[in-house]
Student: 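My structure is below; once you've seen it, I'll send some questions.
Numbering of ligands and ligand atoms starts at 1, following listing order.
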Amino acid sequence: MAFLEIQNAGKCFIGKKGERFEALKGVNLQIEEGEFVSIIGHSGCGKSTLLNMIAGLNLATSGRVTVAGVPVNGPGPDRMVAFQNHSLLPWLTVRQNIALAVRAVHGERGAEEQKQIVEEHLQLVQLVAAADKKPGQISGGMRQRVGIARALATRPKVLLLDEPFGALDALTRGRLQEQLLKIWEAHRITVVMVTHDVEEALLLSDRIVMMSNGPAARVAEVMGVELPRPRSRMEVINNPHYYRQRNELLYFLSKAKKAAQGGIPRLQPATSASTSLEKTALSLGFVPLSDCVPFVVAQQKGFFAEQGLNVTLVREPGWKAIHEGLIEERLDAALAVTPMALGESLGSFRRAAVPLIAAMPLTRNGNAITLHRRYWEQGVRSREDFARLLAGTRRPVLGVVSAHSMHNLLLRHWLAGAGIDPDRDVELVVIPPPQMVANLRAGNIDGFCSGEPWNARAVHEGLGFVPATSLDLWSGHPEKSLILRQSWADAHPRTHLALTKALLEACRWAADASHREELIALVTAKAFVNADPIYASLGLSGSYDYGFGRTAHLEDFNLFEGASTNLSERLWILAQMARWGLVPFPVDWQRAIERVWCEDTYRQAAAELGIVLPEAGYQPLALPGDAILDPADPGAYLASFAISHPQLPAAV
Ligand SMILES: Nc1ncnc2c1ncn2[C@@H]1O[C@H](COP(=O)(O)OP(=O)(O)OP(=O)(O)O)[C@@H](O)[C@H]1O
């Protein structure tokens, strides 16, 4: 017999008018001593009822519950509950609240021993400094810790937690979860916890019990958590099992939610994905740049059509129009600058955010910095030369394609690396990429950072030179992604999958070097980049012209697709956006990143096409001349910059 046994247990409530409500029916669960078990399920399914049955606050109306072989007939000191509302006595101090519980349960022990137990538990939850305060004088998180300390101080055999951190802010919740993890790992007390938070359940539990919807709810599935102990949050989210198990739990909950709403589960089995698309006529936005290749190839080589999609490619003048097209729902999706999704989702556009997701990586690399030829003539070859020249001259004006772009982040990084303050020593202005060269020629700007063919064109026309490509700054940097509204993805799962498959095929085709000539011809066509192939070929052909006789062989100048292997590249984008005041750095940054880079459909599409994507995790990231970005301590990275500002580039 297991330590905690729930055998065929049911709970029937009788209403005021005598009506019966069968909340639980035929619940079976065995929990071993020292196990940490979480219970999840749709709201109202009966999780708290089950917990209360173990606590003895509600007795089972059928079947039985035993702890260490003893039937549960009421509350007892062997089972303590810590509720979300922590139910502390407001007129007693923190210390007195704990002492009261200790006296009630361990009254036979001497006063000194009781005092020792109280102090030990105050220390355990780090509340010694607040011990003489009353509940009304401390924060919600601290009250929650008192509740946990009070429950633990009675040394129960079973600790029962009902949504223990549900009402707390993300930062406090994270801290308390880690403290609970440590306490549990040190004491190995049996814990049963009700939660709505699947990440919390995975971090803490040995097993997760999924309850079916009520009435007559029962145990639907039990998942053993495949994460080694001792655990740390960072190791947990880097473990390859984490995302799979998290997805299974989320899938279960989304099915339960749909069922409760009377609908059918949103996600369909993979095999039916290519049939019965929710939508076949799609408008996809792009900006005429050499790296719009995945869309052009998918269209021209028939990969969209193969997936049953009738796609209209909508050429937009710049990233602002793409952004508006997505927000205003004129576009179904776009090939767009990746930081746009993060900026929008974190409220950088100063209005209610419309959650956007980076559903699939489409390109890497592909940008360059161009400076006016005047600087060449003045001897500028590097950013250090540029920095020396700035003293005593008028502030150069440099164009970036969007504030929420890798161009802006990389140009700022390049400037700041030579001690040039991008918000004080130069003026950054937003200009759509196709207008860069005209603005350079007209003398409105002194340089820019853009994708191709615009640097190539400035070089070819003798207007400027390239002191650095983005590969010189970060070879392999993430660039464009398939950007969608989260709501679009939710409403069109099968179309989303079909679109992703078409783009995976297109990227695979584009990455084949034998297709390069055809690729250049396709992209430079009038409907797309509408540029002389000579310019486009500079980015796409493998040879790169920096101007004034300097050329290089850059096979990787444009990479198509390219799944992430180090997720810290996303953290770099977030940290740099925070460095320049585009977004605040969120305390729960992993969650912010995960919400934006939603790649479940991408992974499913790859699996269905037999494409093996690399395992990805957070590892330290070191770019040339940059401090090491250690995901265990992004604060240290943010603190490492000599120059950083909360400021946006002004729009032209
Ligand atoms: N004392 C009661 N009398 C009648 N019905 C009750 C009583 N307590 C709970 N119920 C019903 O039993 C069902 C399960 O409630 P319970 O609170 O256990 O669900 P839950 O899964 O914990 O919900 P949530 O996730 O929203 O906290 C609900 O339909 C609820 O209305």
Student: Please check if any side-chain donor atom of Q7 sits under 3.5 Å from a side-chain acceptor atom of R64, or the reverse.
Tutor: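 Distance-only check passes for Q7 and R64.
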
Student: Sequence neighbours left out, what pairs pass salt bridge (charged side-chain N to carboxylate O under 4.0 Å, His left out) with at least one residue falling in residues 122-139?
Tutor: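 Only R95-D132 qualify under salt bridge (charged side-chain N to carboxylate O under 4.0 Å, His left out).
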
Student: Which salt bridge (charged side-chain N to carboxylate O under 4.0 Å, His left out) pairs, counting each pair once, include a residue from residues 1-14, with sequence neighbours left out?
Tutor: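 Output for this query is empty, none listed.
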
Student: If we count only N and O atoms by modelled type, under 3.5 Å, do the side chains of D490 and Q486 hold a donor and an acceptor together?
Tutor: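 Yes, because at least one side-chain N or O of D490 sits under 3.5 Å from a partner of the opposite role on Q486.
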
Student: Which N or O atoms of ligand 1 sit under 3.5 Å from a protein N or O, and how far apart is each pair?
Tutor:
| from | atom 1 | to | atom 2 | distance (Å) |
| --- | --- | --- | --- | --- |
| ligand 1 | 18 (O) | S48 | N | 3.4 |
| ligand 1 | 18 (O) | T49 | N | 2.8 |
| ligand 1 | 18 (O) | T49 | OG1 | 2.5 |
| ligand 1 | 19 (O) | G46 | N | 3.2 |
| ligand 1 | 21 (O) | G44 | N | 3.4 |
| ligand 1 | 21 (O) | C45 | N | 3.1 |
| ligand 1 | 21 (O) | G46 | N | 2.9 |
| ligand 1 | 21 (O) | K47 | N | 2.9 |
| ligand 1 | 21 (O) | K47 | NZ | 2.9 |
| ligand 1 | 22 (O) | S48 | N | 2.8 |
| ligand 1 | 22 (O) | S48 | OG | 2.8 |
| ligand 1 | 23 (O) | G44 | N | 2.9 |
| ligand 1 | 25 (O) | K47 | NZ | 2.7 |
| ligand 1 | 25 (O) | H196 | NE2 | 3.1 |
| ligand 1 | 26 (O) | S43 | OG | 2.8 |
| ligand 1 | 26 (O) | G44 | N | 3.3 |

Student: Once the angle between the rings of W488 and H496 is folded into 0 to 90°, is it parallel (under 30°), tilted (30 to 60°) or perpendicular (over 60°)?
Tutor: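 The arrangement is perpendicular - the two ring planes meet at more than 60°.
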
Student: Provide the full list of side chain to side chain donor-acceptor pair (under 3.5 Å) pairs with a residue in residues 35-44, sequence neighbours left out, each pair given once.
Tutor: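 For residues 35-44, and leaving out neighbouring residues, the side chain to side chain donor-acceptor pair (under 3.5 Å) pairs sorted by first residue read E35-R207, S38-S205.
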
